[in-house]
Amino acid sequence: MLMNKRISDLQNGIDVRKNLIDLRSLIKDAQEKRTLAYFLAGDFSVFTGLLKNEDPKVRKNAALILGEMECDDMAEILWEAYLSERTLFVRPDYLKAMQKLDCSRYTAQMKKRLQFLLNTEIPAEAEKHVRQETAALNQILMQYERPKKHRFSGYDQELELILITNRNHREVTLQQLKALEDTECRMLSGGIRLKTSHLREILEIRTWTELLFAVPGCTKVGGSPAEIAAALCRSGLTEFIGDLHDGRAPFYFRLDIRSRADADQRTDMIKKIAACLEKETKGALMNTASGYELELRLVASRQGDYLPVLKFYSIPEKRFSYRTESLPTSIAPANAALVMQLAKDHLSEGAQVLDPFCGAGTMLIERNKYGRVRSMYGLDIFGEAIEKAKINTENAGQLIHYIHRDYFDFQHDYLFDEIVTNLPSVGKARDTEQIRLLYRRFLEKSAALLKTGAVVIAVTPQPQLLEEAVQVNNEYRTEKNFCLNERDGNSVLILKFQRG
């Protein structure tokens, strides 16, 4: 009844704008949208007629409803209405309506319109609406002409890079970088800045978490969105991106701003700078919400300007490509790799290794990267975890034996040299007292499975509870205690086992 009344009121010119807005809200529900389509039975004249209404908001809402009907016959009507529309804020909505329709006949005209907008000086008061129109045109065109991905080819160039690392253990990555010839390094608060021509070797280092590229000749940008875009272009940003890749522009990018501004302010700034970059580069750089090849990141300084850096998704990330499966409690692969580097002096060649709480297998897989092992076993009480671990291990091309079993019921024919594990921690499933008890039982159980002189390498956000368990069990002593993350307290404890 409500649908009937709204349509009837529209046909009779009653509260047209309000009824259109209410209908748009109503058909967000899939069932209501089907009801409207059934009621109209292919006759959309009540809405097509409103595309010529004198009220621009009526035209806008009528167009958007027609788009929701997903009838390709409406594409021509909407396109003609778009071409004849003179109210700037309405134009993008015709294009948004067409995104769900077959627009293949209009792509050539859309390209011309897009280039016109990118090459035309736009008055300040029209910038917002033209930006929205440009984005809508680009979104439709990408549906039909998905750009060919560029191949990164700048591996042997001298580059200035920033490696984001664990703040507490930057030196672990720095020591690995020092092995590279002609590589200048400088510590930053959250990582390492370096100049090098050994990108391939750096891509093999497993302890950094993010690889960023400095923009040559551009240490800071500031001012209005137009001024920021102009400064980036003067630095040779587009040419730099092109020199690192095979193929020609356009390059598709996303823009991110790291600052203390609130989310709405950042979003508005991102949209404006992205639009200015598209215009400044005449479409050589095109902003997109998906399918981007690079991220341009602006990191705010205390002085109010920004450090520009680039992250290239065109560089294949092979280090942890095995990790296609994970669990909410899974350790990040780079953190697992860092744990093994921190513990490397305690790892032995030909070791027999056990993970009693293996999860998706990350700790064992990363252990296998550091020296030859004789055998590896992973246990978990959750069958889903075991299946995920098997998939990741197969992806990594490794041999690890996984058993779906509670550790405290596990028996084995021979003793182990190492336990490497990301221990269960306090959370919804277990409170502090339960974890305290579990850690004590863990050490008691492990004593029956470890050789004298074996090591336990354990990650936990409750290191004090594991230390308590060590203090009441004289067969273990703490060799090292590394803080991984001060915020959540995550730590690595290395324990030595000596049978009493």
| message | Looking at E384 and K388, is there a salt bridge between them, counting it only when a charged N and a carboxylate O are closer than 4.0 Å? | response | yes

| said: For a quick check under 3.5 Å, do R6 and N19 share a side-chain donor-acceptor pair by atom type? | reply: yes

| How close do E280 and A229 get, heavy atom to heavy atom, and via which atoms? | CG-O, 4.1 Å

Solution key, residues 216-224 side-chain donor-acceptor pairs under 3.5 Å, sequence neighbours excluded:
residue	atom	partner	partner atom	Å
S224	OG	E227	N	3.2
S224	OG	E227	OE1	3.4

| Within a radius of less than 6.0 Å around CD of E394, do more than 12 heavy atoms belonging to other residues, nucleotides or ligands occur? | no

| query | Is a side-chain donor or acceptor of S330 paired with a backbone partner of S326 at a separation under 3.5 angstrom? | reply | no

| said: Does the plane of the ring in F89 sit parallel, tilted or perpendicular to the ring in H129? Use 30° and 60° as the thresholds. | reply: tilted

| Backbone N or O of I331 within a donor-acceptor pair of the N335 side chain at under 3.5 Å? | no

| remark: For A360 and L327 the tightest heavy-atom approach is N-CD1, 4.0 Å

| message | Is it the case that over 12 heavy atoms from other parts of the model lie below 6.0 angstrom from the CZ atom of F382? | response | no

| task | Assess whether atom CD of E486 is packed by more than 12 heavy atoms of other residues, nucleotides or ligands within 6.0 Å. | result | no

| message | Taking atom NZ as the centre, does K33 end up with more than 12 heavy-atom neighbours from other residues, nucleotides or ligands that are less than 6.0 angstrom away? | response | yes

| field | Qualifying salt bridge (Lys or Arg N to Asp or Glu O under 4.0 Å) pairs, either residue in residues 248-264, two or more places apart | value | R254-E295, D256-R258

| request: Could you tell me whether R131 and E133 make a salt bridge, using a distance below 4.0 angstrom between a side-chain N and a carboxylate O? | output: no

| Taking C-beta and beyond as the side chain, do N481 and E467 meet within less than 4.5 Å on heavy atoms? | yes

| task | Please confirm whether the backbone N or O of C103 pairs with a side-chain atom of Y144, one donor and one acceptor, at under 3.5 Å? | result | yes

| said: I'd like to know if the side chain of N287 reaches the main chain of A274, judged simply by a donor and an acceptor atom lying under 3.5 Å from each other, with no hydrogens or angles considered. | reply: no

| Just checking, is any N or O donor in the side chain of Q176 or T207 under 3.5 Å from an acceptor N or O on the other one? | yes

| Under a 4.0 Å N-O cut-off, is there an ion pair linking R193 with E160? | yes

| query | Any donor and acceptor pair, going by atom type alone, linking the side chain of K369 with main-chain N or O of R206 inside 3.5 Å? | reply | no

| Quick check, are the ring centers of Y155 and H198 under 6.0 angstrom apart? | no

| remark: Between R266 and I257 the two heavy atoms that sit nearest each other are CD-O, 3.4 Å

| query | With the threshold set at 4.0 Å, does a side-chain nitrogen-carboxylate oxygen contact exist between D182 and K195? | reply | no

| More than 12 heavy atoms of other groups within 6.0 Å of K100 NZ | yes

| field | salt bridge (Lys or Arg N to Asp or Glu O under 4.0 Å) assessment of D268 paired with K272 | value | CA-CA 6 Å; D268 183 60; K272 289 177 178 177; 3.1 Å; yes

| task | Inspect the contact between E210 and R297 and indicate whether a charged nitrogen and a carboxylate oxygen are less than 4.0 angstrom apart. | result | yes

